[in-house]
Each structure stands twice: as structure tokens, then as C-alpha cells.
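The structure appears below as C-alpha cells.
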Amino acid sequence: MKIHKRIDEIQEQLSNLKLAPGEHHNEIKASHSEKERENGGTILPADTYHSCCEGEQWIGPVQPPTFYQNAMTLVDGSQGPRRTLRTELLGCHGDEDYLAKLYCVRKAFELMFKETSTRMFFRDAGRAILTGLVVLGRKTPCKFENMCDNLIAFIEEPSNWNKITEELSATGVENLNFFDVVFDFILLKIFEEMETAPASLQEVMDNDWITESMKKTTIMFYCWGRIKALRTYLNEPFGFFYHLYEVLDYILPELVWGCVGPEGKTKGFYHLFKEQVYSFLKDIFNLQKVSYTTVELLVEDIVKNLKFRTEMLTCFLQKSYLK
């Protein structure tokens with residue numbers, strides 16, 4: 001099946017992906033040596049990770065990392081637009097700690113997306129992983145891939161950016177970067193809604209007298225109903241949300257099946273996918289897992305972390321296809 005070749009391509013891209021952005025990649029690596037990490041950063045050996053924060057007070061043996069410390073001076077309780085506070089979810093030590101890290105993470109994503117190879121990696125890895133989920137659901141991925149390509153082409157067209165900004169701003173997304181739009185607005189929102197699936201849907205899933213085919217049909221109609229309701233609020237007939245809902249038409253039923261459906265490959269992949277997303281976000285908001293010394297070092301650690309978690313997901317998919 002085509003997905004085998006697609007995942008092989010992603011694995012090759014993983015091995016070739018740069019770990020720092022921009023045209024001056026070598027200069028960045030030279031100016032931020034391991035010695036600088038030891039003196040000003042917070043990266044510790046894997047077997048010595050521990051919390052150096054208690055409440056909102058820094059109690060470690062070194063000063064808070066420079067980039068983070070500078071961000072803390074900008075926090076005034078209302079710093080930076082955000083849809084909701086993720087303080088507890090991401091394990092931060094108070095709202096000020098979360099907002100300071102949010103500022104740093106946004107700057108890091110802005111910088112990393114200036115590098116073409118990084119943008120291509122995010123695009124291709126995300127597309128392949130979601131295509132794999134569609135294939136696990138025993139569906140032909142061609143139409144889904146076409147919808148993904150249409151969404152990507154729409155986003156990458158500069159003439160659409162003002163329209164995208166207006167659409168997302170109307171939903172409360174004021175900072176348009178990959179973290180705010182993809183992770184915070186789309187993925188976390190989907191996971192949260194999965195946790196509140198209607199009891200009637202779960203009752204159908206738990207009924208042993210109903211066939212698997214009927215259960216999948218029930219989920220399909222449930223998802224289509226949700227998306228149809230969302231489409232009634234579209235202000236732009238062929239804008240960002242139009243293209244996003246076209247993608248969700250294919251992927252949302254598989255996500256819901258993985259969440260509430262029976263044990264199987266799709267359920268296993270859904271929970272692994274969710275676990276990797278949450279773990280990635282918690283890591284990049286953790287001073288002990290990534291360096292907040294400079295924005296360049298933060299970018300480097302974010303990409304390394306994401307690369308590792310993407311490899312885990314693609315390995316799961318490969319093993320699933322071989323079974």
C-alpha cells in the first residue's frame with residue numbers, strides 16, 4: 001500500500017532533519033556550546049531529571065535560564081494573547097510561569113518555521129501520521145491525502161493569510177503560530193472533546209449485540225453531525241475552517257473510534273498519539289527537559305523532542321502494517 005512508501009520517506013526525512021533553524025545553523029551551534037548549556041542552561045543528564053522549582057520560586061544551584069528570566073519580566077498577568085491557561089495541564093508552577101514559557105515557546109516556533117526544511121518536516125510528518133490512522137481504519141487514503149494537500153496549499157498561499165488571521169481571531173486565536181493553532185486550538189481541543197463524548201455513544205460501543213460495522217456507522221454519523229453543525233458557523237465559504245472540516249470529515253471518525261471503540265490497532269495508535277502529544281507539550285514547558293537559555297537552544301531541543309516522538313509513531317505504524 002502507498003502508506004509504506006510514505007512512511008519510509010518520513011523516516012528518511014527524520015534522519016536528515018536539521019536540529020537548529022536558519023541559514024546560520026553552524027554559527028548557532030558554534031555559539032551555543034555544551035559549556036554554555038552547563039553554565040547557563042538547565043539540561044541535565046537523562047537519569048538526573050528533577051524539579052528545580054518549588055511553587056514559583058527557583059531553588060536550583062544556578063540562576064534561571066536567561067531567555068526564561070527575560071520572559072518573566074514581561075509577564076504582568078495579562079501578557080500575550082491566549083485562548084486559555086494551560087498551567088495545570090502542562091505542569092507549570094503557576095500562571096506566571098506558564099505565561100513566561102508560553103512567550104518563549106511562541107518565539108521558538110516563530111524562529112524554527114523560518115527554516116524551510118523544518119516546515120516541510122512538520123507538514124510531511126503530520127500528513128503521514130494521520131494518513132496512517134486512516135489506513136488503520138481500513139480506508140483508502142487517497143481522498144484524505146487530497147484534502148490534506150488542499151488545506152496545506154491554502155495555508156501556504158500568502159494571499160490567504162489575512163483571511164486565515166480573521167477567521168482564527170474570531171475564535172479567540174490571536175497568536176498565529178504552529179503551537180497556538182495546531183497544538184493548542186486543534187489537537188488539545190479534540191482530545192478534550194473526546195473525554196466528553198456523549199454517554200449514548202459509549203453505550204452503543206459497549207453493547208455486545210451491536211456489530212462492529214454498525215458501531216463504526218454510528219460513530220461516522222455522530223462525527224458528520226458535529227462537523228455539519230460547525231459548518232453552519234462558517235463566515236468564509238472556502239476559507240481555513242472549510243478546508244479544516246474537509247480533513248476532519250475523514251480523520252475525526254477514526255480518532256473517535258480509537259478513543260471509545262474496542263481494543264485494536266486504531267485504539268492503540270490513538271492512545272499512543274495522544275500520549276506523545278501531551279508528553280511533547282509537557283516536555284517543552286519543562287525547564288529540565290529543554291533549554292530556555294536562548295531561543296536558538298530552545299528550538300534545537302524542541303525539534304529533537306518532536307523528532308523522537310514522531311519516530312515512535314511511525315515505528316508503531318510500520319509494525320501495525322506488518323502484522
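Predicted, not measured: the structure shown is a model, and the values here were computed from it. Every heavy atom of this structure was used, including side-chain atoms; hydrogens, water molecules and symmetry mates were not. Numbers here simply count residues along the sequence, with the first being 1.
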Item to complete: Test Tyr270 against Leu133 for side chain to side chain contact (heavy atoms under 4.5 Å, CB included), laying out the working first.
Response: CA-CA 8 Å; Tyr270 168 79; Leu133 180 59; 5.5 Å; no

Worksheet item: Quick check: does any side chain N or O of Lys289 sit under 3.5 Å from a backbone N or O of Ile284, one acting as donor and the other as acceptor?
Response: no

Discussion item. Could you check whether Thr87 and Asp95, counting side-chain N and O atoms only, form a donor-acceptor pair closer than 3.5 Å?
Written reply: yes

Item to complete: Kindly work out whether a path of hydrophobic side-chain contacts (I/L/V/M/F/W/Y, heavy atoms less than 4.5 Å apart) joins Trp161 to Ile152.
Response: no

Practice prompt. Heavy atoms only: give me the nearest Leu130-Ile251 pair and the separation to one decimal.
Written response: O-CD1, 3.5 Å

Worksheet item: In terms of hydrophobic clusters joined by side-chain contacts under 4.5 Å, are Phe122 and Val295 together?
Response: yes

Discussion item. Taking the side chain as everything from C-beta on, heavy atoms only, tell me whether Arg106 gets closer than 4.5 Å to Leu102.
Written reply: yes

Worksheet item: Taking the six-membered ring for Trp, are Phe238 and Phe154 ring centroids under 6.0 Å apart?
Response: no

Worksheet item: Is Glu195 atom CD crowded by more than 12 heavy atoms from other residues, nucleotides or ligands, each under 6.0 Å away?
Response: yes

Response to the item:
For Pro141 and Thr131 the tightest heavy-atom approach is CB-CG2, 3.5 Å

Discussion item. Is there a side chain to side chain contact (heavy atoms under 4.5 Å, CB included) between Thr294 and Thr66? Walk through the geometry before answering.
Written reply: CA-CA 7 Å; Thr294 67; Thr66 307; over 6 Å; no

Worksheet, complete the sentence: Taking every heavy atom of Lys101 against every heavy atom of Leu287, the minimum-distance pair comes out as CE-CG, 3.8 Å

Item to complete: Classify the ring geometry between Phe241 and Phe185 as parallel (under 30°), tilted (30 to 60°) or perpendicular (over 60°).
Response: perpendicular

Discussion item. Please give me the minimum heavy-atom distance between Val299 and Met112, naming the atom from each residue.
Written reply: CG1-CB, 3.7 Å

Worksheet entry | Joint cluster assignment, Tyr242 & Ile155, ILVMFWY side-chain distance < 4.5 Å | yes

Discussion item. Taking the side chain as everything from C-beta on, heavy atoms only, tell me whether Ile186 gets closer than 4.5 Å to Leu244.
Written reply: yes

Fill in: Value rounded to 0.5 Å, distance of CD in Glu236 from CZ in Phe240
13.0 Å

Item to complete: With rounding to the nearest 0.5 Å, note down the distance linking SG in Cys104 to OH in Tyr292.
Response: 6.0 Å

Item to complete: Before accepting this row, confirm whether a basic side-chain N of the pair Lys307/Glu311 lies closer than 4.0 Å to the acidic partner's carboxylate O.
Response: no

Practice prompt. Could you tell me the separation between the CG atom of Leu248 and the CD1 atom of Ile190, rounded to the nearest 0.5 Å?
Written response: 5.5 Å

Worksheet item: In Å and rounded to the nearest 0.5 Å, what is the CD to CG distance from Glu167 to Asn162?
Response: 11.5 Å

Response to the item:
The side-chain contact (heavy atoms from CB on, under 4.5 Å) partners of Asn150 (sequence neighbours excluded) come to Met147, His243

Discussion item. Looking only at side-chain N and O atoms, does Ser291 offer a donor or acceptor that is under 3.5 Å from a partner on Thr293?
Written reply: yes

Practice prompt. Give the intermediate values and the outcome of salt bridge (Lys or Arg N to Asp or Glu O under 4.0 Å) for residues Lys189 and Asp184.
Written response: CA-CA 7 Å; Lys189 186 176 180 181; Asp184 188 49; over 6 Å; no

Practice prompt. Please examine the side chains of Asn177 and Asp180, heavy atoms only from C-beta on, and report whether any two atoms are closer than 4.5 Å.
Written response: yes

Discussion item. Please determine whether side chain to side chain contact (heavy atoms under 4.5 Å, CB included) holds for the pair Val260 and Ile219, giving the CA-CA distance in whole Å, both sets of side-chain angles, and the decisive distance to 0.1 Å.
Written reply: CA-CA 9 Å; Val260 303; Ile219 284 180; 4.0 Å; yes

Discussion item. Does the plane of the ring in Phe109 sit parallel, tilted or perpendicular to the ring in Phe178? Use 30° and 60° as the thresholds.
Written reply: parallel

Fill in: Working for side chain to side chain contact (heavy atoms under 4.5 Å, CB included), residues Glu212 and Lys216
CA-CA 6 Å; Glu212 181 174 305; Lys216 284 191 172 184; 3.9 Å; yes

Worksheet item: Which atom pair, heavy atoms only, marks the closest approach of Tyr222 to Pro198?
Response: OH-CD, 3.3 Å

Worksheet entry | Heavy-atom check, side chain of Tyr278 versus side chain of Phe191, under 4.5 Å | yes

Worksheet item: Hey, does the side chain of Lys282 reach the backbone of Leu90 with a donor-acceptor pair shorter than 3.5 angstrom?
Response: no

Worksheet entry | ring-ring contact (aromatic ring centres under 6.0 Å, His included) between Phe308 and Phe280, worked out | CA-CA 10 Å; Phe308 165 73; Phe280 168 72; over 10 Å; no

Worksheet item: How far does CG of Leu281 sit from CG of Asn305, to the nearest 0.5 angstrom?
Response: 9.5 Å

Worksheet item: Can you check whether Asn207 reaches Glu203 side chain to side chain, under 4.5 Å on heavy atoms?
Response: no

Item to complete: Decide yes or no for Lys107 and Phe67: does some side-chain heavy atom of the first lie under 4.5 Å from some side-chain heavy atom of the second?
Response: yes

Worksheet item: Is any side-chain heavy atom of Met72 closer than 4.5 Å to a side-chain heavy atom of Leu99?
Response: no

Practice prompt. Return the orientation label for the Phe179 and Phe183 ring planes: parallel under 30°, perpendicular over 60°, tilted otherwise.
Written response: tilted

Worksheet item: Just wondering, do Tyr68 and Asp97 contact through their side chains at under 4.5 Å, heavy atoms?
Response: yes

Worksheet item: Partners of Cys148 by side-chain contact (heavy atoms from CB on, under 4.5 Å), sequence neighbours excluded?
Response: Arg127, Phe144, Val247

Discussion item. With a 4.0 Å cut-off on N to O distance, would you call Arg119 and Glu156 a salt bridge?
Written reply: no

Fill in: Where Lys163 and Gly239 come nearest, the two heavy atoms and their spacing
CD-CA, 4.2 Å

Response to the item:
For Thr232, the side-chain contact (heavy atoms from CB on, under 4.5 Å) test, sequence neighbours excluded, returns none

Practice prompt. Give the intermediate values and the outcome of salt bridge (Lys or Arg N to Asp or Glu O under 4.0 Å) for residues Glu300 and Lys304.
Written response: CA-CA 6 Å; Glu300 184 177 337; Lys304 283 180 179 177; 3.4 Å; yes

Fill in: For Arg231, all residues meeting side chain to side chain donor-acceptor pair (under 3.5 Å), sequence neighbours excluded
Glu246, Asp249

Response to the item:
The reported gap from CD in Glu145 to OH in Tyr250 (rounded to nearest 0.5 angstrom) is 11.5 Å

Discussion item. If hydrophobic residues (ILVMFWY) are linked whenever their side-chain heavy atoms come closer than 4.5 Å, directly or via other members, who joins Phe221 in its cluster?
Written reply: Met220, Trp224

Item to complete: Find out whether the Lys NZ or Arg CZ of Lys267 is both under 6.0 angstrom from the six-membered ring centre of Trp257 and within 45° of the ring's axis.
Response: no

Response to the item:
In short, salt bridge (Lys or Arg N to Asp or Glu O under 4.0 Å) pairs touching residues 218-229 with sequence neighbours left out are Glu193-Arg226

